[in-house]
Amino acid sequence: MSVPTISLNDGRTIPQLGFGVFRVEPAETERVVSDALEVGYRHIDTAAAYGNEEGVGRAIAASGIPRSELFVTTKLWNSDQGTQSAFDAIDLSLERLGLESVDLYLIHWPRPDLDRYVESWHALERIRAAGKAASIGVSNFTPVHLERIIAESSTVPAVDQVELHPGFAQVPLRDYAREHGIAIESWGPLGQGKYDLFGMAPIAAAASAHSVTPAQVVIRWHLQHGLIVFPKSTSRERMAENFDVFGFELSADELAAIDGLDRGKRVGADPDTATF
Ligand code: NAD
């Protein structure tokens with residue numbers, strides 16, 4: 001089953017469905033990512049802050065999959081925001097990953113209190129020019145932060161990776177991103193298991209109507225809204241379940257009913273006030 005791609009504003013493409021490794025233990029990461037690659041995932045989302053880039057790199061090396069068939073994202077951690085610190089950080093990430101370049105490099109959080117995200121964005125532009133990241137983007141940026149880097153640089157981020165799930169659907173941000181050609185990646189796509197998303201009536205009803213699981217319904221909801229999504233699981237069975245989402249389609253009514261679950265409530269940190 002081939003995964004659809006999304007076109008980015010820099011002319012590149014990204015597989016719409018990938019695999020995330022947040023909170024995957026470093027010691028377990030090689031096994032988990034190897035399983036994901038065997039299941040068929042070709043897009044891996046990691047970050048320096050996850051502490052598991054080495055395991056991702058080992059799994060990639062062991063897989064024998066040609067580099068050109070993989071899409072690897074990593075992220076600049078908050079304490080490395082700045083110019084020289086960002087240059088050093090990408091070099092260390094590439095070393096840990098065992099790669100010459102990543103497909104996508106993101107500023108992990110805006111940390112407006114530091115006021116270094118514009119400077120960091122200029123560093124990412126230079127990292128891309130140096131060939132160390134094919135595409136560059138941001139994560140957890142609100143329209144206010146996006147507006148600033150668009151005004152103060154000549155590069156519109158290719159993506160913004162934000163918390164997004166049916167209970168926190170981020171409609172205004174999605175509208176802003178569409179107007180500016182920024183692709184949205186949904187983190188915590190299953191709500192990180194922090195509320196009973198799978199038990200909600202429209203999701204349970206669609207799951208039973210299509211003889212699929214609630215997780216598959218939620219992943220379909222992201223895909224049919226044009227969002228890029230990389231659910232995380234350490235269980236190979238669930239990795240396979242989450243990848244097996246191209247054999248059914250939610251109807252417009254089913255999508256609308258799930259849209260109706262938006263309660264505007266985050267399960268994670270607020271980008272304007274986060275200080276980690
Ligand atoms: P998620 O919404 O993918 O939820 C993961 C949880 O759902 C796990 O507890 C897992 O056991 C469970 N789960 C997975 N598949 C399931 C299934 N089929 N049935 C039932 N339960 C299932 O949350 P996440 O891992 O936080 O988000 C996905 C990825 O997004 C991360 O791995 C990471 O790559 C990225 N992320 C980025 C940021 C950021 O700040 N940029 C923050 C959090 C996550």
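Read the numbers this way: they start at 1 and go in the same order the structure lists the ligands and their atoms. Only heavy atoms go into these numbers, but all of them, side chains included; no hydrogens, no water, no symmetry mates.
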**Q** Examine the side chains of Q170 and R174 and answer whether a donor and an acceptor come within less than 3.5 Å of each other.
**A**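 No, no side-chain donor-acceptor pair sits under 3.5 Å.
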**Q** For atom 27 (O) of ligand 1, what is the nearest protein heavy atom, given as residue, atom name and distance?
**A** G188 N, 3.0 Å
**Q** Does the side chain of H210 pick up a donor-acceptor pair with the side chain of Q216 at under 3.5 Å?
**A** no
**Q** I want to know if ligand 1 touches P231 in the polar sense, i.e. an N/O pair below 3.5 angstrom.
**A** no
**Q** Going by the order shown, which atoms of ligand 1 are within less than 4.0 Å of some heavy atom of H108?
**A**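 Atoms satisfying the 4.0 Å criterion: 39 (C), 40 (O), 41 (N).
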**Q** Students should be able to answer this: which protein heavy-atom is nearest to atom 5 (C) of ligand 1, and at what distance?
**A** K232 O, 3.6 Å
**Q** Any ion pair linking R148 and D115 (charged N to carboxylate O, less than 4.0 Å)?
**A** yes
**Q** If you measure from each non-hydrogen atom of F230 to ligand 1, which part falls under 4.0 Å: side chain, backbone, both or neither?
**A** both
**Q** List every atom of ligand 1 that sits less than 4.0 Å from any heavy atom of A215, numbering the atoms from 1 in the order shown and giving each element.
**A** 17 (C), 18 (N), 19 (N)
**Q** With a 4.5 Å cut-off on side-chain heavy-atom distances among I, L, V, M, F, W and Y, is there a chain of contacts connecting L261 to V171?
**A** no
**Q** Tell me, which protein residue and heavy-atom name are nearest atom 15 (N) of ligand 1, and how many Å apart are they?
**A**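 The closest heavy atom on the protein side is N242 ND2, 3.0 Å.
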**Q** Quick one: nearest non-hydrogen protein atom to atom 9 (O) of ligand 1, plus distance?
**A** Q192 O, 4.7 Å
**Q** Give me the nearest non-hydrogen protein atom to atom 31 (C) of ligand 1 as residue plus atom name, then the distance to 0.1 Å.
**A** F22 CB, 3.3 Å
**Q** Suppose we measure from atom 13 (N) of ligand 1 to each protein heavy atom; which comes out shortest, and what is that distance?
**A**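 Here the nearest protein heavy atom works out to L190 CD1, 3.8 Å.
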**Q** I need the atoms of ligand 1 closer than 4.0 Å to a non-hydrogen atom of D45, numbered in the order shown.
**A**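 This gives 33 (C), 34 (O), 35 (C) as the contact atoms.
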**Q** Which atoms of ligand 1 sit under 4.0 Å from any heavy atom of G191?
**A** 2 (O)
**Q** Under 3.5 Å between any N/O of P189 and any N/O of ligand 1: does that happen in this structure?
**A** yes
**Q** So, are E100 and R67 salt-bridged, with charged N and O less than 4.0 Å apart?
**A** no
**Q** What atoms of ligand 1 come within less than 4.0 Å of a heavy atom belonging to Q161?
**A** 35 (C), 36 (N), 37 (C), 38 (C), 39 (C), 41 (N)
**Q** Going by atom types alone, do T234 and E28 pair a side-chain donor with an acceptor below 3.5 Å?
**A**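 No donor-acceptor contact under 3.5 Å links the two side chains.
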**Q** Under a single-linkage rule joining Ile, Leu, Val, Met, Phe, Trp and Tyr whose side-chain heavy atoms are separated by less than 4.5 Å, which residues share a cluster with I228?
**A**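 Its cluster partners, ordered by chain and number, are I6, L8, I14, F71, L104, L106, V159, F230.
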**Q** Would you mind finding which of F19, W187, F198, F243 brings a heavy atom closest to atom 36 (N) of ligand 1?
**A** W187
**Q** With heavy atoms under 4.0 Å as the rule, classify the contact between V162 and ligand 1 as side chain, backbone, both or neither.
**A** neither
**Q** So if I count the atoms of ligand 1 from 1 in the order they appear, which ones are less than 4.0 Å from some heavy atom of G20?
**A**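 The list of qualifying atoms is 32 (O), 34 (O).
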**Q** Do other residues, nucleotides or ligands put more than 12 heavy atoms under 6.0 Å from E95 CD?
**A**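 Open.
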**Q** Taking distance alone, with no angle check, do S139 and ligand 1 share an N/O pair under 3.5 Å?
**A** yes
**Q** Pairing donors with acceptors under 3.5 angstrom, does anything connect the side chains of T46 and E53?
**A** no
**Q** Among protein heavy atoms, which lies nearest atom 16 (C) of ligand 1, and at what distance?
**A** R238 CD, 3.6 Å
**Q** Heavy atom under 4.0 Å from ligand 1: found in N140's side chain, backbone, both, or neither?
**A** side chain
**Q** Do N9 and H180 have a side chain donor and acceptor closer than 3.5 Å?
**A**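 Not at all, the side chains of N9 and H180 share no donor-acceptor pair under 3.5 Å.
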**Q** Is there at least one protein heavy-atom neighbour under 4.0 Å from atom 2 (O) of ligand 1?
**A** yes
**Q** Which is it for V267 and H165 under the side chain to side chain contact (heavy atoms under 4.5 Å, CB included) test, yes or no, and what are the steps along the way?
**A** CA-CA 10 Å; V267 299; H165 40 88; 3.9 Å; yes
**Q** When rounded to the nearest 0.5 angstrom, what is the spacing between CD1 in I184 and CG in D160?
**A**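 Between I184 CD1 and D160 CG, I get 4.5 Å after rounding to 0.5 Å.
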**Q** Would you indicate whether Q84, at its atom CD, is surrounded by more than 12 heavy atoms from other residues, nucleotides or ligands within a distance under 6.0 Å?
**A**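 Count over threshold, so yes.
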**Q** Show the atoms of ligand 1 that are less than 4.0 angstrom away from any heavy atom in W109.
**A** 40 (O)
**Q** Taking atom types as modelled, find out whether E119 and H122 have a side-chain donor-acceptor pair closer than 3.5 angstrom.
**A** no
**Q** With only distance considered, is E241 within less than 3.5 Å of ligand 1 through an N or O on each side?
**A** yes
